[in-house]
Enquirer: 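The following block contains the structure, expressed as structure tokens.
Residue numbering restarts at 1 for every chain, and letters A, B, ... go by the order of the sequence lines.
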Amino acid sequence: MSQQKIAAPKGVSEYTPPRSSAFDHVRNCLIAPASKAGYQLIELPVFEDTELFKRGVGESTDVVSKEMYTFEDRGGRSITLRPEGTAGVMRSVIEHGLDRGQLPVKVWYSGQFFRAERPQAGRYRQFYQVGIEAIGLDDPAIDAEVIAIADAGFKALGLKQYRLELTSLGDAQSRTAHKVDLLKFIATLQLDEATAARAAINPLRLFDDKRDEMKKAMADAPLLVNYLSDSSREHFETVTKYLDALGISYQLNPRMVRGLDYYTGTTFEFVHDLLGAQSGIGGGGRYDGLMEQLGGQSLSGIGFGLGVDRALLAAEAEGVIGQEAFVSDLFIIPLGEGAKLQALTLAHDLRCKGVRVEIAFGDRALKGAMKGADKSGATYVIVLGESEISSGTVELKEMKSGASTSVKIDSLFEALNK
RNA sequence: GUGGACGUAGCUCAGCUGGUAGAGCACCCGGUUGUGGUCCGGGAUGUCGCGGGUUCGAGCCCCGUCGUUCACCCCA
């Protein structure tokens, strides 16, 4: 009697061989530029005190108000599976006093994040992000560096059909001034109930509405970029100047909306053309008040999060990624019980020297084992049976050409490295 | 959370106006004793997502449920 099968929880993505190799490749490409720029790994818990996200990300955001996996642990604490990375990094930096040393603090992370949304293509309840944070410096040059690092990751992957959208959300004064006028403007519009509710939570959201009539209605709405304070405008102009110098193309998008409350100043998004509705493959920006909000000193920071799942989808859509299975250098086919023992020790020995070795286990017939060797893509094959063991010599067969040469078992390593 | 489409072997799918399931690929075995890729022969495989209903009879009809997918919403 077979037991009932258990399925994975709804909306999670799983990467099994051979696609897992492509996933791994994407993740490595995306984060490699960060370590070249001196960012160091920070490894954090996937669950945190719920309060961290309420205070850090903002209670009014959709992410916090309706998409968090929150539960009570056995000690009665409210715990939440992390929905994003920045808040946790800030918490850890403050907790361990990383900001007491030389600034900026530069870290990178990689891992799973969780959001209880309705799944669809490119949107999962557990998803993977890599990201970096540079904390403690206001210099526009670091804004440009952070953006350049993200862009380098996508380029390293081979992506072409994406664009960088850029804007500035300004400082607190800029936003306050703009909000007054925006609310006045919105008051003149006829909004349905759901839209009005969204506007009440965050009036900027209306800029993001996909309906044509709303786009038309918002065409003349006051734009935040026109309300930037002198220092904000100057900072942003310097960032774009640096990006120009770096040869990184971007589109100014004054209507960009970000879903997390902590963003200020320079804000950006990477959007891919072939992905459908969930087209954002990465995004980030500056966050001036976050650290203080979380009980730390008043330092600003900037960072990004890149979606590994979506970058993989994008790479597949562009056809710039393949799946590579593990390929061994040597495939050993043991014949008989005694040979199996020999194969085991021989493989172990060669692996210690760095050779990739696989063994055909399971007492398959020679023909079947050869077939297996062929499919594995192994470069060389040896058959290990009675005669080979007693003579101490094997036939080293190169699969591609089919040619084989006699080699002493003791000098296999040397023969393989010729 | 809202709306639409879909759910048949490991994979891609077929299954006529309802009569108790098929193809290709993949997999396994063999084509004379210990050497793969082609070819030939043979073989295994499904509670037709799950539960209920209509019917003499349902993979095909109805309801529910779970899942996937597309859009809204949101965002990576």
Side-chain angles (χ1 to χ4, degrees), chain A residues 1-2 4-13 16 26-27 30 57 61-67 82-86 110-131 150 154 192 194-195 197-198 201-202 205 208-211 214 256-260 263 269-272 275-284 304-314 331 333-336 339 360 362 364-378 380-388 394-404:
Chain A
M1 266 317 210
S2 69
Q4 203 171 18
K5 287 178 187 164
I6 298 171
K10 180 185 174 112
V12 302
S13 59
T16 52
V26 170
R27 186 167 49 188
L30 293 185
V57 179
T61 62
D62 281 26
V63 169
V64 171
S65 66
K66 49 191 193 195
E67 295 172 1
R82 61 182 182 185
E84 61 92 55
T86 304
S110 166
Q112 293 93 325
F113 297 86
F114 308 86
R115 254 118 95 162
E117 299 179 273
R118 182 92 168 250
Q120 82 185 64
R123 184 166 79 184
Y124 308 109
R125 293 187 165 183
Q126 170 177 293
F127 57 98
Y128 293 80
Q129 263 184 252
V130 299
F154 291 129
D192 59 85
T195 312
R198 265 192 292 144
I201 294 168
N202 181 359
R205 287 278 175 76
D208 210 23
D209 203 303
K210 284 171 186 162
R211 293 170 298 182
M214 275 306 294
M256 187 197 302
V257 181
R258 304 249 66 210
L260 311 179
Y263 286 117
E269 246 172 45
F270 290 87
V271 182
H272 198 271
L275 248 34
Q278 308 303 322
S279 57
I281 52 176
F304 63 65
L306 310 182
V308 182
D309 313 83
R310 287 186 190 173
L312 172 59
L313 255 20
F331 197 98
I333 300 174
L335 296 177
R364 297 178 78 184
L366 180 56
K367 183 169 176 169
M370 278 305 291
K371 230 174 175 171
D374 183 41
K375 288 200 177 111
S376 80
Y380 293 99
V381 174
I382 59 170
V383 173
L384 207 56
E386 301 274 328
S387 61
E388 284 81 4
V394 293
E395 288 296 310
L396 182 63
K397 178 167 181 175
E398 189 191 8
M399 290 303 273
K400 205 171 171 188
S401 65
S404 62

Enquirer: Asp192(A) CG to U2(B) C1': how many Å, rounded?
Expert: 13 Å

Enquirer: Applying a 4.0 Å non-hydrogen cut-off, can you work out what Ala373(A) is touching in the nucleic acid: base, sugar-phosphate, or nothing?
Expert: nothing

Enquirer: Mind checking Asp209(A) for me? I need base, sugar-phosphate or nothing, with any heavy atom below 4.0 Å counting as a touch.
Expert: sugar-phosphate

Enquirer: Say you pick atom P in G49(B) and the same atom in C16(B); how far apart are they, in whole Å?
Expert: 15 Å

Enquirer: By the 4.0 Å heavy-atom rule, please label Arg125(A) as base, sugar-phosphate, or nothing.
Expert: nothing

Enquirer: Scan Ser387(A) against the nucleic acid and name what it touches under 4.0 Å (heavy atoms): base, sugar-phosphate only, or nothing.
Expert: base

Enquirer: Can you tell me how far apart CZ (Arg123(A)) and CG (Leu275(A)) are? Round to the nearest 0.5 Å.
Expert: 13.5 Å

Enquirer: Looking only at atom P, what distance separates U54(B) and A14(B), rounded to whole Å?
Expert: 31 Å

Enquirer: Does Arg205(A) get its side chain close enough to the base of C73(B), under 3.5 Å, for a donor-acceptor pair?
Expert: no

Enquirer: Quick one: do Glu84(A) and Val63(A) satisfy side-chain contact (heavy atoms from CB on, under 4.5 Å)? Show the steps, please.
Expert: CA-CA 9 Å; Glu84(A) 61 92 55; Val63(A) 169; 5.6 Å; no

Enquirer: Specify the separation, in whole Å, of atom NZ of Lys210(A) and atom C1' of A71(B).
Expert: 9 Å

Enquirer: Between atom CZ in Phe304(A) and atom P in A76(B), what is the gap in whole Å?
Expert: 13 Å

Enquirer: Restricting to side-chain contact (heavy atoms from CB on, under 4.5 Å), what partner residues turn up for Ala8(A), sequence neighbours left out?
Expert: Val12(A), Glu14(A)

Enquirer: Each nucleotide N or O in nucleotides 35-38 of chain B that has a protein N or O under 3.5 Å away: list the pair and distance.
Expert:
{"residue": "U35(B)", "atom": "O2'", "partner": "Lys397(A)", "partner atom": "NZ", "Å": "2.9"}
{"residue": "G36(B)", "atom": "O2'", "partner": "Asp374(A)", "partner atom": "OD2", "Å": "3.3"}
{"residue": "G36(B)", "atom": "N7", "partner": "Lys397(A)", "partner atom": "NZ", "Å": "3.1"}
{"residue": "G36(B)", "atom": "O6", "partner": "Met399(A)", "partner atom": "O", "Å": "3.4"}
{"residue": "G36(B)", "atom": "N1", "partner": "Met399(A)", "partner atom": "O", "Å": "2.5"}
{"residue": "G36(B)", "atom": "N2", "partner": "Asp374(A)", "partner atom": "OD1", "Å": "2.8"}
{"residue": "G36(B)", "atom": "N2", "partner": "Met399(A)", "partner atom": "O", "Å": "3.3"}
{"residue": "G36(B)", "atom": "N3", "partner": "Asp374(A)", "partner atom": "OD1", "Å": "3.3"}
{"residue": "G37(B)", "atom": "O4'", "partner": "Asp374(A)", "partner atom": "OD2", "Å": "3.1"}

Enquirer: Which value, in whole Å, describes the distance between the C1' atoms of nucleotides U12(B) and G51(B)?
Expert: 29 Å

Enquirer: Mind checking the C1' distance from G7(B) to G46(B)? Whole angstroms is fine.
Expert: 15 Å

Enquirer: For RNA chain B, what are the stems built from at least three Watson-Crick or G-U pairs in a row, each pair having both distances below 3.5 Å?
Expert: B:1-7 with B:66-72, B:10-13 with B:22-25, B:27-31 with B:39-43, B:49-53 with B:61-65

Enquirer: How far, in whole Å, is U2(B) from C74(B) if one measures between their C1' atoms?
Expert: 13 Å

Enquirer: Report yes or no: is the ring centroid of Phe113(A) under 5.5 Å from the six-membered base ring centroid of A76(B), with the two planes under 30 degrees?
Expert: no

Enquirer: For a quick test of reading the model: is some side-chain N or O of Arg118(A) closer than 4.0 Å to OP1 or OP2 of A71(B)?
Expert: no

Enquirer: Please give the distance between the C1' atoms of C50(B) and C6(B) as a whole number of Å.
Expert: 16 Å

Enquirer: What's the spacing between Glu388(A) CD and Ile382(A) CD1 if we round to 0.5 Å?
Expert: 8.5 Å

Enquirer: Measuring from atom CD of Gln112(A) to atom CZ of Arg82(A), what distance do you get when rounded to the nearest 0.5 angstrom?
Expert: 7.0 Å

Enquirer: More 5' along RNA chain B: Gly385(A) or Leu275(A), using each one's nearest nucleotide?
Expert: Gly385(A)

Enquirer: With sugar-phosphate meaning primed atoms plus P, OP1 and OP2, does Glu269(A) contact a base, only sugar-phosphate, or nothing at under 4.0 Å between heavy atoms?
Expert: nothing

Enquirer: For Gln120(A), report the nucleic acid contact type (base, sugar-phosphate, nothing); a contact means any heavy atom under 4.0 Å.
Expert: base

Enquirer: Which value, in whole Å, describes the distance between the C1' atoms of nucleotides C62(B) and A9(B)?
Expert: 28 Å

Enquirer: Between G19(B) and C27(B), how far apart are the two C1' atoms, rounded to whole Å?
Expert: 33 Å

Enquirer: Any N or O donor-acceptor pair under 3.5 Å from the base of C73(B) to the side chain of Arg123(A)?
Expert: yes

Enquirer: Which of the following nucleotides, C75(B), G34(B), G67(B), is nearest to the side chain of Arg115(A)?
Expert: C75(B)

Enquirer: Nearest 0.5 Å, please: how far is CZ in Arg310(A) from OG in Ser13(A)?
Expert: 11.5 Å

